[in-house]
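Everything below concerns the one structure shown next.
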Number of protein chains: 2
Amino acid sequence: MRKQELAKLDRTDLRILEALQHNGGLTNQQLAETVGLSPSPCSRRVQKLEAAGIILKRETVLDARKLGLDLTVIIQISMDRHTPERFANFEEKVASYPEVQQCYLVTGQEADYLLKVVVPDIDGYQHFLLNKITRIEGVSGVHSSFVMRRVVDTAALPLNYVET
Amino acid sequence: MRKQELAKLDRTDLRILEALQHNGGLTNQQLAETVGLSPSPCSRRVQKLEAAGIILKRETVLDARKLGLDLTVIIQISMDRHTPERFANFEEKVASYPEVQQCYLVTGQEADYLLKVVVPDIDGYQHFLLNKITRIEGVSGVHSSFVMRRVVDTAALPLNYVET
DNA sequence: TGTTATTTCGCAACATTATTGCTTATATGG
DNA sequence: CCATATAAGCAATAATGTTGCGAAATAACA
């Protein structure tokens, strides 16, 4: 995995990305006005950013509470054997569970994987843990932290670090 | 904070939400075809879902690597005193840092807060930690886990649990 | 610094898409 | 089984996105 080639972006591109990060529902006209451009070059820039893969995808964020999904859990998982096969199998299983919003392979002695899962309630979580996670081969340790308050939750990146 | 009143949604609403979750860039026409509806009732349903707050917002997801943001870190933070003032101050500070994508107040003895932050590299992380996080009053313990691989990363909720 | 080449802009025309009014159909409840 | 309410589809309208092209600005080079 070679070092990613950085695209050359000017301030206008960054302003576009910044605006879209926080409000993906903006129309091209609104976006154009926000960044001080007429609609046509604005649209062309967005197309370029999509073609370059800098804009990965659009997501629609739903209200979990209003859908009866009241429990979010952060799970730390450790594996007994660190073989590529175990890891591949674990990742494949985990990726197939709709409850899993995030799964990262991380450094650290306490855990190999960090997961964020969403379920309706404790019962649902117990079921998920016992019937799905702990049944995956190689899972040796599980530690759960329950989310009490969501202070920050966004996909927005710190674009202030990006060179122009 | 009383129990959230669940909206009554039929299968069509759920199909709309499911489609939009994974592809917020769908046009209303594409969405209508996906869920087997003509464009007008489809548009009206989406408007209702937005008005009801079930659709919270649209986000545009960017490629961190292509922007030179190569390091994602999960930070566990513990506080020395669990007073509301300390917590409020911490949360206010944390919410103002663009590097912070997520911050949750969680249960557990190891940590009070779990953060996910994005920075360009180790240097940037060190700077963030020393000049921002550890300077917040009350922060007594910090443990960092570095993300090596992103297995799953989505905002999509498990709508299979939602009653129709 | 003058000149050329390249890029990006904005206008206007065109194409596509979203939205609204209204009628018809489909459920719901008495 | 009829009355009422809810949602669907069609067609017209409104709004929005997109493209070609000439002008302007910017950058590159002599």
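Just so we're on the same page: letters track the sequence lines, and every chain starts at 1. Just so it is clear, the structure is predicted and the values come from calculations on it, not from any experiment.
- Judged by distance alone with a 3.5 Å cut-off, a donor-acceptor contact links the side chain of B:Arg44 to the base of D:dG9.
- Defined by atom type and a distance below 3.5 Å, a donor-acceptor pair is present between the side-chain atoms of A:Glu110 and B:His143.
- Comparing atom distances between the B:Pro39 side chain and each of D:dT18, D:dA8, C:dT19 picks out C:dT19 as nearest.
- Distance CZ (A:Arg58) to P (D:dG17): 11 Å, rounded to an integer number of Å.
- Note: CG (B:Asp13) to C1' (D:dA7) measures 11 Å, nearest angstrom.
- If you check every strand for non-hydrogen atoms under 4.0 Å, A:Ser38 touches a base.
- Base contact: B:Ser40 has a heavy atom under 4.0 Å from a base atom.
- Rounded to an integer number of Å, the gap from NZ of A:Lys48 to P of D:dT19 is 13 Å.
- The interatomic distance linking B:Asn28 (CG) with D:dA8 (P) rounds to 13 Å, in whole Å.
- When rounded to the nearest whole Å, the span between CD of A:Glu33 and C1' of C:dC9 equals 17 Å.
- Side-chain N/O atoms of A:Thr72 and A:Arg150 include a donor and acceptor closer than 3.5 Å.
- A:Lys8 places its NZ atom 13 Å from the C1' atom of C:dT7, with the value rounded to the nearest Å.
- The side chain of B:Arg45 places an N or O atom within less than 4.0 Å of a non-bridging phosphate oxygen (OP1 or OP2) of D:dA8.
- Atom pair B:Leu31:CG and C:dT16:C1' shows a separation of 17 Å (rounding to whole Å applied).
- Ring centroids of B:Phe90 and B:Tyr113 are separated by less than 6.0 Å, placing the two rings close together.
- For A:Gln29 and D:dT16, the CD to C1' distance is 5 Å, given to the nearest whole Å.
- At least one side-chain nitrogen or oxygen of A:Gln47 sits closer than 4.0 Å to the OP1 or OP2 atom of D:dT19.
- For B:Thr27, no side-chain nitrogen or oxygen approaches OP1 or OP2 of C:dT17 to under 4.0 Å.
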Are A:Tyr125 and A:Ser144 close enough, and set up right, to give a side chain to side chain donor-acceptor pair (under 3.5 Å), and what steps lead you there? CA-CA 10 Å; A:Tyr125 182 60; A:Ser144 308; 2.6 Å; yes
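- In this structure, A:Lys116 pairs ionically with A:Asp153, as a charged nitrogen and a carboxylate oxygen lie closer than 4.0 Å.
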